[in-house]
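The next block holds one structure in the form of structure tokens; read it before the comments.
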Amino acid sequence: MNARRLAGAAATLIAASCSGGPRPEPPPPPVQAPAPEPAAPAPLAVEHGKVTRLDNGLTLFVTAAPGSGDAQVQMTFRIGALAPQPGLAEFALEALCAGADASLGRSSLERTVADLGGIVRTDVGANTAWIGIRVPAARWQDAQAALLAALVAPAQPRGQLERIRDRMIEDRCAAVTARPAANIVRARLLGRPDTAAWIAALLDRDPSEVGLFQSRAFRPENAVCALQVPGDPAAAAAAISRPGAGGLARWSPPAIAAPAEVLRAAPVAASETLWVPGPGPCTASFVLPVAEERGIDAATTRMLQACLTLDGTGGRLERLLAERGLGHLQWSSEVVRTADRLAVVLTTNATPPEAARLREVFTIARDSLRDVPPSASEIALAMRRARLTASLGQLDELSRLREQAMAGTSGANVAESPPARPGSADFDRAVTAFASAPSTLVVVGGTIPSDAKDVRKTDLLPPGMRIAAVEAASPATNESTPWLDRAADAIGGASLLRRFDGFEAKGRLQSEGAPPVEETASWRTNGTLRRVRDVLGKEIETKLLGNTWTESLGAETRQLSASDAAALRREYDRHPLALLAAHTKNTLRFRPVAQRTVGDRDLMILQAEGDRFDRLRIHVDAGSHLIRVVEVWETMADGSTVHLQDAWSDYRTVDGLRVPFRRVTTQDEGQNRVELVWSRWQPLLTRPAAK
């Protein structure tokens, strides 16, 4: 699903208002020959479609596919990034499309559609979440069936959801690092204050939240399905909606008492400059939202924006910059879009002092539209630009169908009214609103000048991710080392850990619904293990010695498989002392991936590198520097993934080492929970090196 990658785009919202002393005189309008008054822009055409409401509550919009074109199946849910749990809509939508279950033989929606010769794209806006599928015209019924299968599939294992979330986080961090300004804009369009909050929202989401959100938000009564299929739209709609029809007409999830709460975007409250300090020169970006805002009709908004700036060339902003000695700045323009919002972003390279002056110049230029109304020639140029801006939301087939469906099912009048005429009361109200709206300027790089006003310093990534980004940029730098060195010191010191060679212990295992088990174990770091478990008076002895792996009950002995022996060894290898000893011996490396707060503890999360584990992470307490949690993902023989989490507590000092005497292991979402409490735990240490 290459087109769906959350590589995003995000830079900043702009709209404007600045306080302070008296403003300089606005720039005079250009002296040009009067131009004839232009005609109103052509309305955005929405092709005719058949709208039907199915018995299950799903709103259906069906339109005819072009003669030789592909078919499309789209689903738009009326809930997005502004859901009460930030980041959950994006996570749940990605899980819906990328989730699979090898144990049940179910492929992901993306893989199924790819096998049909098609593509899947997704997008999330502030208020909507959207899936778009394009397939060969003859396969649209198969695509509809694949989408239904994904919607009704059972909840996915925790391990797989963890992988999906981690991949999303990695993609976001890579996108933000590569194109910071554009991604700040995207984050703002999604209702997040900056990219650090945008990524942190996803970091804070637990996989256990996904299933509940999907059951409450991804429902037929909360969705619009758009189909572009061959043949007559009315006939296709009738065939889909008749009793007993297949496909999405059979989508009937259980009734719920509490549907997902939908929030709506709140307007930006105040003007500000967001600044991300960094090395080298800086980039400065203005954002011009295209969507209708603050009660101004969309056509007038686009015209005023074009009078203000013609994408960096020829508008009032550019002329005022030239007068202020900033005419050498070269602007580039790009479009940043989400599922329900669109913005034009103007970006330039500048020195920090130049960047600090830009918002004041922007505000003066915008206020000049109120003080000196646009001339006929300005309006002529602006109207031509407005026509181009109006078409930005319908640049590809998938986007066009989505816009048609949402307009057609909402009952909106798609024939847009012409912009207000200069001198009219409507135009005066629009200019006043346009000039008084809050503005935001985003600056990335450089050092914030000491005299810069109304600047909010921000970071591209959350604190825990910043370290990982530094390490990724410089492989020779291992920023996890200070955390692990402090953890080693908290346990007993690196010199003692280098002598750690295993342990002997006796303890008691307990789990709900099972009898208690007395366990005695002797394990060494070379993989040798002898473990005896007493269950209801019967002893089960397990031995791992080199390539000999056995399990005995009385006189009966069986051979363990290689995979069983490897899994058992990994269980002992992930003991906190074993992991820290491997770190001090330089046989296991870690990289930082996140920083989280759980309850009253700040935790640094590090992930093991290499192929020793499928994936293993440790949670280091930022206060005590003790390892509190070790989590691992194990791939089973059938291809399914199991998530195991060991919570370690009750640290006591034995022979100079601080040792946890309690371990609680949970599998997946708490399906199995086993507590092991040791009554005796003795480290096995090699002789100290001769001096």
Side-chain angles (χ1 to χ4, degrees), residues 95 99 101-103 155-167 205-211 503 505 507-514 517 519 521 523 525 527 529 531 533 542 544 549 551 560-580 582 588 590-591 593-594 596 598 603-621 626-650 660-678:
D101 195 331
S103 63
Q156 297 157 48
R158 182 184 182 92
Q160 183 175 143
L161 292 172
E162 288 272 8
R163 289 174 184 261
I164 290 172
R165 185 192 62 187
D166 291 346
R167 186 190 66 190
R205 299 279 62 85
D206 189 88
S208 62
E209 300 172 310
V210 169
F503 65 84
R508 183 182 180 91
L509 290 105
Q510 298 183 88
S511 61
E512 185 177 355
V517 177
E519 176 182 291
W523 170 79
T525 55
L529 172 68
R531 185 184 70 186
R533 286 183 167 176
T542 303
L544 305 180
W549 320 305
E551 192 167 74
L560 297 177
S561 67
S563 60
D564 288 340
L568 189 55
R569 280 176 169 151
R570 286 195 297 270
E571 176 185 342
Y572 284 84
D573 284 345
R574 66 177 187 259
H575 189 284
L577 267 70
L579 294 172
L580 289 173
L588 184 62
F590 290 83
R591 63 180 178 88
V593 294
R596 297 179 188 167
V598 179
L603 301 173
M604 185 65 190
I605 301 174
L606 311 171
Q607 181 166 313
E609 296 182 327
D611 57 2
R612 184 167 170 181
F613 303 93
D614 272 6
R615 187 176 65 175
L616 178 141
R617 290 180 171 179
I618 60 175
H619 299 210
V620 181
D621 190 320
L626 298 174
I627 294 178
R628 297 295 184 182
V629 173
V630 177
E631 54 181 336
V632 68
W633 287 254
E634 292 276 359
T635 301
M636 311 306 288
D638 62 0
S640 61
T641 302
V642 176
H643 173 256
L644 300 173
Q645 179 171 288
D646 297 329
W648 300 90
S649 58
D650 191 15
F661 270 64
R662 181 173 180 264
R663 184 192 74 193
V664 177
T665 302
T666 56
Q667 177 179 328
D668 291 330
E669 297 185 19
Q671 297 173 8
N672 295 309
R673 182 179 185 276
V674 179
E675 180 186 45
L676 174 57
V677 177
W678 283 282

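Starting from 1, each residue takes its place in the sequence as its number.
- Counting heavy atoms from C-beta outward, L529 and R569 have side chains that stay 4.5 Å or more apart.
- At least one side-chain heavy atom of H575 sits under 4.5 Å from a side-chain heavy atom of W648.
- W633 contributes atom CH2, which lies 8.5 Å from atom CZ of R163 (distance to the nearest 0.5 angstrom).
- Side chain of Q156 to backbone of A95: a donor-acceptor contact under 3.5 angstrom is found.
- In this structure, I618 CD1 and R628 CZ are separated by 13.0 Å, a value rounded to the nearest 0.5 Å.
- Taking the six-membered ring where the residue is Trp, F503 and W523 present tilted rings, their angle falling between 30° and 60°.
- Inter-residue side-chain proximity for L568 and E551 is flagged as unmet; no heavy-atom pair is nearer than 4.5 Å.
- Between the side chain of R574 and the main chain of V632, no donor-acceptor pair closer than 3.5 Å is present.
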Next item on the list: Take R617 and V629 through the test side chain to side chain contact (heavy atoms under 4.5 Å, CB included) and record every step on the way to the result.
Entry: CA-CA 8 Å; R617 290 180 171 179; V629 173; over 6 Å; no

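- Annotation: side chain of L579 is in contact with side chain of L588 (closest heavy-atom distance under 4.5 Å).
- Within the 4.5 Å cutoff, the side chain of F590 has heavy atoms near those of the L616 side chain.
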Next item on the list: I would like to know whether F613 and D573 meet side chain to side chain contact (heavy atoms under 4.5 Å, CB included); could you show each step before the answer?
Entry: CA-CA 10 Å; F613 303 93; D573 284 345; 4.0 Å; yes

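- With rounding to the nearest 0.5 Å, the separation of OG1 in T666 from NE2 in H643 is 7.0 Å.
- The CZ atom of R673 sits 10.0 Å away from the CD atom of Q510 when rounded to the nearest 0.5 Å.
- A salt bridge links E571 with R663: the distance from a Lys NZ or Arg NE/NH1/NH2 to an Asp or Glu carboxylate oxygen falls below 4.0 Å.
- With hydrogens and angles ignored, the 3.5 Å screen pairs a side-chain donor or acceptor of E209 with a backbone N or O of D206.
- A heavy-atom distance below 4.5 Å is not found between the side chains of V677 and R508.
- Here the side chains of L603 and V620 are not in contact, with every heavy-atom distance at 4.5 Å or above.
- Taken from CG in L577 to OG1 in T525, the straight-line distance is 12.0 Å, to the nearest 0.5 Å.
- In this structure, the separation between CG on L509 and CZ on R533 is 5.0 Å, given to the nearest 0.5 Å.
- The minimum heavy-atom distance between R158 and P207, with the atom names listed, is NH2-CD, 3.9 Å.
- Listed here is the closest heavy atom pair of A582 and R612: CB-NH1, 3.9 Å.
- The minimum heavy-atom distance between W678 and R662, with the atom names listed, is CE3-N, 4.2 Å.
- When side chains are defined from C-beta on, V517 does not count as touching S511, because their heavy atoms never get closer than 4.5 Å.
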